[in-house]
2 protein chains.
Amino acid sequence: MLLTDRQVLILQVIVDDFIRTAQPVGSRSLSKKDEISFSSATVRNEMADLEELGFIEKTHTSSGRIPSEKGYRYYVDHLLLPQKLNRSEIQSVRSIFAEQIYELEKIVQKSAKILSELTSYTSIVLGPAVNNNKLKRIQIVPLNQDTAIAIIVTDTGHVENRVFHFPASVDPGDVEKMVNILNERLAGVPLINLNGRIYKEVASILRQHIKSYDVLMGSISETLSIPASDKVFFGGKTNMLNLPDFNDIEKIRNLMAMIEQEDGISQLIRRNPKGLNVKIGRENDNSAMEDCSLITATYSIGSEKLGTIAVLGPTRMEYSRVISLLEFISADLSKVLTDLYQNN
Amino acid sequence: MLLTDRQVLILQVIVDDFIRTAQPVGSRSLSKKDEISFSSATVRNEMADLEELGFIEKTHTSSGRIPSEKGYRYYVDHLLLPQKLNRSEIQSVRSIFAEQIYELEKIVQKSAKILSELTSYTSIVLGPAVNNNKLKRIQIVPLNQDTAIAIIVTDTGHVENRVFHFPASVDPGDVEKMVNILNERLAGVPLINLNGRIYKEVASILRQHIKSYDVLMGSISETLSIPASDKVFFGGKTNMLNLPDFNDIEKIRNLMAMIEQEDGISQLIRRNPKGLNVKIGRENDNSAMEDCSLITATYSIGSEKLGTIAVLGPTRMEYSRVISLLEFISADLSKVLTDLYQNN
DNA sequence: GTTAGCACTCTTATATAACGAGTGCTAAAT
DNA sequence: ATTTAGCACTCGTTATATAAGAGTGCTAAC
């Protein structure tokens with residue numbers, strides 16, 4: 001059941017051509033290509049076989065062929081030649097890190113923008129996973145008698161804030177003491193563990209020093225237990241509208257609705273494992289993604305996965321280029337972030 | 001040049017009907033309405049006059065009539081009967097303020113969501129204008145030797161943060177001193193004035209107490225002079241895609257591109273004065289808005305304008321309902337915010 | 001195993017006609 | 001002087017027929 005060399009060649013040319021033109025590829029136009037040295041009749045025979053094997057399909061009885069999902073899959077798995085980025089692309093990517101930035105989020109956001117500009121598809125960047133960031137400092141700023149705002153600063157320069165309420169009877173001095181103790185004991189602890197550590201290590205000390213222990217402990221612990229929701233950044237949300245693949249108004253509706261509803265797409269991306277992943281059409285298991293492919297790559301600090309950077313395009317996507325770009329950006333991103341935050 | 005009562009009646013019925021059905025209205029179907037007690041021929045004569053006066057137009061030579069922009073304008077200015085909100089609408093709006101929320105931004109964001117759900121158009125909420133918020137507290141958290149993060153908390157519970165850099169030679173104690181002085185002197189000052197006040201009132205005190213005055217003054221002043229950019233919240237960005245008015249793919253492209261590019265739409269909204277405003281089609285002075293109307297209402301704390309809440313819909317919008325809703329929400333919003341923040 | 005040739009299929013474009021909704025105008029009715 | 005009935009006319013929509021073109025599958029010859 002293996003494909004012959006010639007079948008592979010024909011498949012490759014069909015996919016390449018369709019990615020370029022978005023038009024079904026006919027036997028005659030194929031046979032005229034430089035790579036193809038045999039007649040259109042031969043091509044027709046091979047194409048019939050490829051179709052029977054499920055790698056290509058027709059849009060109607062007498063049309064040229066387009067790649068099927070299985071065809072794209074084979075193409076991605078076996079036929080992709082890594083493409084070198086050109087100078088201007090490299091320059092664009094590097095410009096992400098050009099300014100002296102410290103905030104992780106800004107870097108990530110800028111990556112999304114650049115990525116969508118370079119691909120003219122839609123880019124989506126997840127994370128960074130704030131929950132794994134480590135506590136740098138916690139501050140509490142009272143707003144009025146029974147409301148205060150807790151500000152959590154992480155080692156990555158991320159600032160998270162939460163309003164919390166407590167009875168007006170609480171002594172302001174107590175609040176200050178509590179903050180001091182928390183900072184002393186919890187600096188360096190990942191946010192996700194804060195609440196647990198409070199009970200395990202800090203509770204007893206707090207109880208000794210603080211009058212309104214019960215109340216304060218209750219509200220601060222409640223406040224800290226809210227997990228920081230990871231942000232999703234988009235670039236080029238409307239880029240897909242310009243592709244000939246989405247000339248159908250119904251497709252546009254579905255696609256835009258899915259993009260707008262951030263949760264769905266972020267879960268779709270999140271479930272991909274570390275490294276680079278390509279999901280083609282229905283492999284995404286989502287009806288709105290039928291005509292789309294999603295390529296994801298993770299970025300890390302050291303060896304710890306931090307977030308995911310992804311490109312959403314039509315199934316007829318420039319896989320080679322996008323993959324090269326994603327690999328390059330995610331590697332660069334990981335390197336810069338590791339340098340910046342690894343040993344703080 | 002005034003319209004006769006009968007012309008006004010016909011105009012009203014045409015606009016109402018077109019808003020409901022999105023179909024051109026013919027003389028015969030008009031004459032069959034209960035409100036209309038005369039024949040289709042009479043209606044035809046009146047319609048010819050109304051067309052000559054510019055209030056209605058044809059889509060082609062022998063089509064029914066649709067309202068022109070001038071027609072909508074007349075309708076909005078003279079024919080609108082304020083519509084009472086029904087119980088469930090009022091309930092939805094009130095739910096915005098149901099939870100005990102303190103953060104202004106959350107309230108505003110939720111308003112946008114509810115508004116788009118109730119109208120099935122797109123809603124846009126500007127503000128609140130952070131620059132007018134007053135400083136509650138400023139904190140500086142060092143991240144490493146030459147980087148720190150300045151956190152600004154306002155009286156409305158808004159937290160703004162900015163990374164800033166300074167030479168490693170600066171004494172940490174100096175930074176702390178500076179923060180204390182800033183907090184003492186600048187609490188209650190609107191953010192927009194912070195930078196000016198530093199030079200006028202705080203500079204001399206700082207100079208006395210701080211060794212690395214020049215450097216620190218430079219970076220903190222630079223940091224504070226960045227104006228806080230007001231946020232824009234959207235609701236129902238893709239709602240417009242479901243309207244029959246946007247069955248044309250080109251229109252969708254333009255509209256979505258305009259919505260996505262937040263600056264444009266936010267300026268469009270911002271230039272409307274206090275109170276309620278209706279801009280119809282080309283009155284918006286923007287080619288992507290040709291088939292859209294924009295209704296804006298401002299909300300305030302006390303008498304101070306804080307931000308704007310807006311609905312973007314087709315020119316064939318349910319003006320009456322949307323206006324009632326906007327008036328209701330903006331009034332409620334202003335009331336709640338005034339109660340919350342007026343005398344802090 | 002490869003290719004030329006050809007009948008066949010299906011899409012696209014174009015022309016034509018029939019239909020219907022709606023108009024504008026004229027002449028009759030009120 | 002208004003209002004209305006009547007009717008010819010316009011234009012968009014739909015249906016149908018036809019022709020052209022791209023491409024296929026199959027057969028037979030190379």
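Note that these values count all heavy atoms, side chains included, but never hydrogens, waters or copies made by symmetry. Here is how names work: the chains are called A, B, and so on, in the same order as the sequence lines, proteins then strands, and each is numbered from 1.
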Within residues 6-15 of chain A, those residues having any heavy atom closer than 4.0 Å to DNA chain C are A:R6
Between CD1 of A:I66 and C1' of D:dT24 the distance, given in whole Å, is 16 Å
>> Looking at B:K58, I want to see if its NZ is surrounded by more than 12 non-hydrogen atoms of other residues, nucleotides or ligands under 6.0 Å.
In response: yes
A:Q23 atom CD is separated from D:dA22 atom C1', nearest whole Å, by 12 Å
A:M47 CE to C:dT2 P, in whole Å, measures 16 Å
Exercise for the section: Would you confirm whether B:T42, through its side chain, and B:F38, through its main-chain N or O, come within 3.5 Å as a donor-acceptor pair? Expected result: no
Whole-Å distance, A:E52 CD to D:dT24 P, equals 16 Å
Check your understanding: Between A:K251 and A:D245, does at least one N-O distance fall below 4.0 Å, as a salt bridge requires?
Key -> no
Ranking C:dT23, D:dT4, D:dC11 by distance to the side chain of B:N45, first place goes to D:dT4
Of the listed C:dT3, C:dT11, D:dT4, the closest approach to the A:S39 side chain comes from C:dT3
**OP:** Check whether any side-chain N or O of B:K58 sits under 4.0 Å from OP1 or OP2 of C:dG24, and answer yes or no.
**Re:** yes
* Asked: OP1 or OP2 of D:dG23 sitting under 4.0 Å from any side-chain N/O of A:S63?
  -> no
Below 4.0 angstrom, N of the basic side chain to O of the carboxylate: do B:R282 and B:E69 qualify?
-> yes
Here the gap from A:C292 atom SG to A:M317 atom CE, rounded to the nearest 0.5 Å, amounts to 8.0 Å
Look at the side chain of A:R44 against the base of C:dG5 and say whether a donor-acceptor pair falls under 3.5 Å; ignore hydrogens and angles.
-> yes
Whole-Å distance, B:D49 CG to C:dC25 P, equals 11 Å
- Message: For D:dT24, does the base pair up with any side-chain atom of A:S62 as donor and acceptor (N or O, under 3.5 Å, distance only)?
- Response: no
Margin query: Would the distance check show the side chain of A:T298 and the main-chain N or O of A:G275 forming a donor-acceptor pair, the cut-off being under 3.5 Å?
Written below: yes
- NA contact type, A:T42, heavy-atom cut-off 4.0 Å: base, sugar-phosphate, or nothing? base
The reported gap from CD1 in B:I249 to CD1 in A:I252 (rounded to nearest 0.5 angstrom) is 3.5 Å
Interatomic distance, CG@A:L30 vs CD1@A:I36, rounded to 0.5 Å, equals 5.5 Å
Taken to the nearest whole Å, CD1/B:I36 to C1'/D:dT4 is 15 Å
If you compare every side-chain N and O of B:R28 against the phosphate oxygens of C:dG20 (OP1, OP2), does one of them come in below 4.0 Å? no
Rounded to whole Å, the NZ-P distance (A:K32 to C:dT3) equals 16 Å
Ranking C:dT3, D:dT4, C:dT23 by distance to the side chain of A:A41, first place goes to C:dT3
Once hydrogens and angles are ignored, does a donor-acceptor distance under 3.5 Å link the base of C:dT9 to the side chain of A:T61? no
note: B:R65, atom CZ; D:dG12, atom P; distance rounded to Å ~ 15 Å
